[in-house]
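Contents: one structure, followed by commentary.
These numbers were taken from a predicted model, which means no experiment stands behind them.
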Amino acid sequence: MATIREIARLAGVSPATVSRILNNDSTLSVTEETRVKVFAVADELHYMKKGGTDKAAYKIGILQWFSAEEEQRDDYYLRARQGIEDYCIRNSISIVRAYRSDANYGEVISNLNGLICIGKFSAKETKELISACENIIFIDMSVDNREVSTLTIDFKTAAKEALEYLYRLGHRKIAYIGGLEYASGTDAIEDARKKAYQSFMKTNKLEPVIREGQFNTASGYEMMNVLLDEGVDVSAVFAASDAIAYGVMRAVKEHGMSVPEDISVIGINDSEMSRFSEPALTTMHAPAYEMGQHAANLVYAMSKLSIKTPLKAGITCNLVVRESCRAITKK
């Protein structure tokens with residue numbers, strides 16, 4: 001049976017530190033990286049406290065729709081995963097992680113106490129995942145099955161509030177620049193942000209301008225370049241993600257214009273870089289990190305409290321006003 005000394009040797013820390021981490025000592029000051037490493041080693045060695053009743057015996061799986069490379073390019077899903085992992089680390093819960101792109105992900109997520117699926121999965125994959133684990137929750141994806149719990153960001157309301165903000169500033173020529181997503185690469189996913197934009201423009205009798213590509217900065221840059229090259233007259237852009245918004249702002253600048261003097265830009269996510277862009281990006285804060293923490297708490301409670309009633313919840317976003325939008329009198 002594995003010992004604390006073995007874990008300490010492999011993790012490169014003292015036995016006392018290992019003991020305090022495994023016992024969830026809140027007074028211990030160590031990095032999250034060290035905590036993760038200790039739990040990973042303990043899990044690899046199948047360490048269990050005496051009595052075998054600790055939370056480390058409980059194992060939560062994280063299955064991610066995004067690949068590791070895609071996750072680094074847009075931190076929305078990264079923050080969701082970090083929320084899950086931080087909850088598990090603080091509560092001494094073991095973690096197993098897999099990506100849908102992994103050939104053996106089915107084996108990795110087998111025999112788990114709980115499973116959290118991040119992102120967009122096809123109907124076939126969803127059915128298989130539900131069968132694989134009784135205590136399962138999908139985040140950032142609505143599932144029609146009434147017996148399955150889901151947590152999503154309320155992008156529909158967030159988009160409406162972003163557009164209302166632009167409207168109050170006097171903008172009437174508002175473009176939507178978004179991305180297309182496909183579950184398993186083939187099933188097109190309806191975007192709540194785009195639907196909200198179309199509804200808003202129709203309600204206010206405004207002419208829609210829609211461009212769609214990918215949810216990354218390069219695509220936002222390309223789409224805005226095309227829009228400007230075509231001579232489309234817009235006073236504001238609603239970008240479906242901050243990553244897209246950064247590309248939009250770069251294209252505006254390269255066309256000899258400025259944000260927000262010539263074109264206002266608003267995004268969704270409130271990624272870390274949004275505070276440091278030039279100008280700082282006005283955006284809707286999407287609490288992906290908190291969504292991850294809620295998901296971990298819920299899937300743990302499903303098992304420990306024998307909760308069988310599914311929960312379907314939408315998490316609200318908040319407007320973060322910075323420097324990339326300005327009021328106009330006429331455009």
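- Under the 30°/60° scheme for interplanar angles, the aromatic rings of F200 and Y167 are found to stand perpendicular.
- The environment of CG in D144 is sparse: at most 12 heavy-atom neighbours from other residues, nucleotides or ligands sit within 6.0 Å.
- A side-chain contact (heavy atoms from CB on, under 4.5 Å) with V259 holds for exactly one of R250, R326, M249, E278; it is M249.
- Aromatic ring orientation, W65 versus Y77: perpendicular (interplanar angle above 60°, classes split at 30° and 60°).
- Considering only heavy atoms from C-beta on, D262 stays 4.5 Å or farther from H255 through its side chain.
- Looking at every heavy atom in both residues, G267 comes nearest to A245 through CA-CB, 4.5 Å.
- Looking only at distances, no side-chain donor or acceptor of D154 sits under 3.5 Å from a matching main-chain atom of I315.
- The shortest distance between side-chain heavy atoms of S149 and L298 does not fall below 4.5 Å.
- No donor-acceptor pair closer than 3.5 Å links the side chain of K173 to the backbone N or O of L206.
- There is no path of hydrophobic side-chain contacts, each under 4.5 Å, that joins I189 to L180.
- Hydrophobic cluster membership is shared by M223 and V232, with clusters built from Ile, Leu, Val, Met, Phe, Trp and Tyr side chains linked at under 4.5 angstrom.
- Interatomic distance, CD of E212 versus CD1 of I177, reported as 10.5 Å (0.5 Å rounding).
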List the steps, then state whether side chain to side chain contact (heavy atoms under 4.5 Å, CB included) holds for C325 with L169. CA-CA 8 Å; C325 296; L169 292 178; 3.9 Å; yes
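- D86 and Y289 form a side-chain donor-acceptor contact under 3.5 Å, judged by distance and modelled atom types alone.
- Both Y165 and V209 sit in one connected hydrophobic cluster of ILVMFWY residues. Membership requires side-chain heavy atoms under 4.5 Å apart, directly or through other members.
- Atom CD of E190 sits in a sparse spot, with 12 or fewer heavy atoms from other residues, nucleotides or ligands closer than 6.0 Å.
- Side-chain contact check for S277 versus E323: every heavy-atom pair is 4.5 Å or farther apart.
- Remark: side-chain polar atoms of S324 are paired, donor with acceptor, to backbone N or O of T282 under 3.5 angstrom.
- In the hydrophobic clustering of this structure, I118 groups with V143; members are Ile, Leu, Val, Met, Phe, Trp, Tyr whose side-chain heavy atoms approach within less than 4.5 Å, directly or through other members.
- Under the 4.5 Å side-chain criterion, counting only non-hydrogen atoms from C-beta, I210 is in contact with Q198.
- Taking the side chain as every heavy atom from C-beta outward, I153 and P287 approach each other to under 4.5 Å.
- A heavy-atom distance below 4.5 Å is not found between the side chains of C317 and E161.
- With rounding to the nearest 0.5 angstrom, the CG atom of D75 is 11.0 Å from the CZ atom of R81.
- In this structure, D242 contributes its side chain and S274 its backbone to no donor-acceptor pair below 3.5 Å.
- The backbone N or O of K59 sits less than 3.5 Å from a side-chain atom of N113, completing a donor-acceptor pair.
- Minimum heavy-atom separation, R146 to P310: O-CG, 2.9 Å.
- Evaluation of the side-chain hydrogen bond (donor to acceptor under 3.5 Å, both in side chains) rule for K156 yields no partner, not counting sequence neighbours.
- I263 contributes atom CD1, which lies 7.5 Å from atom CG of L227 (distance to the nearest 0.5 angstrom).
- Here the CG-NE2 distance, from L151 to H294, works out to 7.5 Å after rounding to the nearest 0.5 Å.
- Salt-bridge check for D270 with R79: failed, with every basic side-chain N at 4.0 Å or more from each acidic carboxylate O.
- The number of heavy-atom neighbours closer than 6.0 Å to NZ of K312, taken from other residues, nucleotides and ligands shown, is above 12.
- A cation-pi arrangement, defined by a distance under 6.0 Å to the six-membered ring centre and an angle within 45 degrees of its axis, is absent between R211 and Y176.
- At least one donor-acceptor pair closer than 3.5 Å links the side chain of D191 to the backbone N or O of R193.
- Between the CG atom of L311 and the OG1 atom of T309 there is a distance of 9.5 Å, given to the nearest 0.5 Å.
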From CA spacing to verdict: side chain to side chain contact (heavy atoms under 4.5 Å, CB included), T34, I21: CA-CA 9 Å; T34 299; I21 289 174; 4.1 Å; yes
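- Each of V320 and M284 belongs to its own hydrophobic cluster when Ile, Leu, Val, Met, Phe, Trp and Tyr are linked at side-chain heavy-atom distances under 4.5 angstrom.
- The side-chain heavy atoms of L112 and V96, taken from C-beta on, include a pair separated by under 4.5 Å.
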Evaluate side chain to side chain contact (heavy atoms under 4.5 Å, CB included) for T126 paired with F138, printing each intermediate quantity in order. CA-CA 9 Å; T126 301; F138 290 84; 3.7 Å; yes
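- Heavy atoms from other residues, nucleotides or ligands lying under 6.0 Å from CG of N111 number 12 at most.
- M224 and A251 make their closest contact through CB-CB, 3.7 Å (heavy atoms, listed as atom of the first residue, atom of the second, distance).
- For E272, the CD atom sits in a loose shell: 12 or fewer heavy atoms of surrounding residues, nucleotides or ligands are nearer than 6.0 Å.
- Counting only distance, with no hydrogens or angles, the side chain of N297 and the backbone of Q293 share no donor-acceptor pair below 3.5 Å.
- Salt-bridge check for E85 with R97: passed, with a basic side-chain N closer than 4.0 Å to an acidic carboxylate O.
- The minimum heavy-atom distance between I244 and A239, with the atom names listed, is CG2-CB, 3.9 Å.
- I60 contributes atom CD1, which lies 9.5 Å from atom OG of S94 (distance to the nearest 0.5 angstrom).
- By the 4.5 Å heavy-atom criterion applied to side chains, L129 and I109 are counted as neighbours.
- In terms of heavy atoms, P15 sits closest to A8 at N-CB, 3.6 Å.
- No donor-acceptor distance shorter than 3.5 angstrom exists from the side chain of Y246 to the backbone of N216, with no hydrogens or angles considered.
- Taking all atoms of both residues into account, the shortest heavy-atom contact from L228 to V252 is CD1-CA, 4.0 Å.
- Between the N135 side chain and the V299 main chain, no donor and acceptor come within less than 3.5 Å of each other.
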